[in-house]
J.: 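Quick one: structure below, then a few questions.
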Amino acid sequence: MRVGTRVKALRPRGWQVDSNYADDEAIVPVDFPCGRVGMVSACETPVAVVFGPSTMSACDTDVVLDASASTSGGVVNPQYRWRVDPFSSDYAEEMNAYLSSLPTTTRVLTLSNIRGDRFDFALWVTSSFGQISDKFSHVVVRNPLPVPVPSVDV
């Protein structure tokens, strides 16, 4: 792939200047767009991170999980793949059908009217270069008793 750069601009590791092209062009290898170390791509491996509650009260029906802190190392927004573990999550088949239908740009997961008491969420992040993160797990458990909300009278 041929891309343009500013004349005499710094080029990322792995880009090569080819004498067949002008000073403002570089060759980006399709198989190793980030460069390579030996025969291994030097692209940064994405890191999936999820923030959200680990417990919910018996009265709660909504959960919000946020993967905005995940990194992908690319210049294009990463893709997010949300699932729940089918062996340790309630209503996993129903939940995974819904999660599979979400756009891959969904970094904040908002679930409403969820049924069940335990959900083992899994997230994978994919960079624009096709690198996939390790699985990040986040367990949410429903407390069987209502959680009291303390108040202070003044």
J.: If hydrophobic clusters are built from ILVMFWY residues whose side chains come within less than 4.5 Å, do Val64 and Leu102 share one?
T.: no
J.: If Ile, Leu, Val, Met, Phe, Trp and Tyr residues are connected whenever their side-chain heavy atoms lie under 4.5 Å apart, and connections chain through other members, are Phe136 and Val125 in the same group?
T.: yes
J.: Using a 3.5 Å distance criterion without hydrogens, assess whether the side chain of Asp85 forms a donor-acceptor pair with backbone atoms of Phe87.
T.: yes
J.: So do Leu109 and Tyr80 actually touch side chain to side chain, heavy atoms under 4.5 Å?
T.: no
J.: When clusters are formed by joining ILVMFWY residues with side-chain heavy atoms under 4.5 Å apart, either directly or through shared neighbours, do Leu111 and Leu123 land in the same one?
T.: yes
J.: Please confirm whether the backbone N or O of Ser133 pairs with a side-chain atom of Thr45, one donor and one acceptor, at under 3.5 Å?
T.: no
J.: Strictly distance-based, threshold 3.5 Å: is any side-chain N or O of His138 a donor or acceptor partner for the main-chain N or O of Phe119?
T.: no
J.: In sequence, state the C-alpha distance, the side-chain angles, and the governing distance for Thr126 and Arg81, and then conclude on side-chain contact (heavy atoms from CB on, under 4.5 Å).
T.: CA-CA 8 Å; Thr126 303; Arg81 189 172 131 228; over 6 Å; no
J.: Looking only at non-hydrogen atoms, find the nearest pair between Val141 and Arg118 and report the distance.
T.: CG2-NH1, 3.9 Å
J.: With side chains defined as the heavy atoms from C-beta onward, is the minimum distance between Phe121 and Val50 less than 4.5 Å?
T.: no
J.: Give me the atom names and distance for the closest heavy-atom approach of Thr106 to Trp82.
T.: O-NE1, 2.8 Å
J.: With a 4.5 Å heavy-atom cut-off, do Thr105 and Asn77 have their side chains touching?
T.: no
J.: For Trp124, is there any backbone N or O sitting under 3.5 Å from a side-chain donor or acceptor partner on Arg83?
T.: no
J.: Specify the closest pair of heavy atoms between Val63 and Ile114, including all atoms of both residues, with the distance to one decimal.
T.: CG2-CD1, 3.6 Å
J.: Any chance CZ of Arg107 has more than 12 other-residue heavy atoms, nucleotides or ligands included, within less than 6.0 Å?
T.: no
J.: Distance check, rounded to the nearest 0.5 Å: Asp60 atom CG versus Thr55 atom OG1?
T.: 8.5 Å
J.: Is there a donor-acceptor pair under 3.5 Å between the side chain of Asp90 and the backbone N or O of Asp117?
T.: yes
J.: Count the heavy atoms of every other residue, nucleotide or ligand shown that sit under 6.0 Å from CG of Asp134, and state whether that count exceeds 12.
T.: no
J.: Between Arg142 and Ala58, which heavy-atom pair has the shortest distance, and what is it?
T.: NH1-O, 3.8 Å
J.: Test your reading of the model: is there a side-chain donor-acceptor pair from Ser89 to the backbone of Asp120, 3.5 Å cut-off?
T.: yes
J.: For the atom pair OG (Ser70) and CZ (Phe51), what is the distance rounded to the nearest 0.5 Å?
T.: 8.5 Å
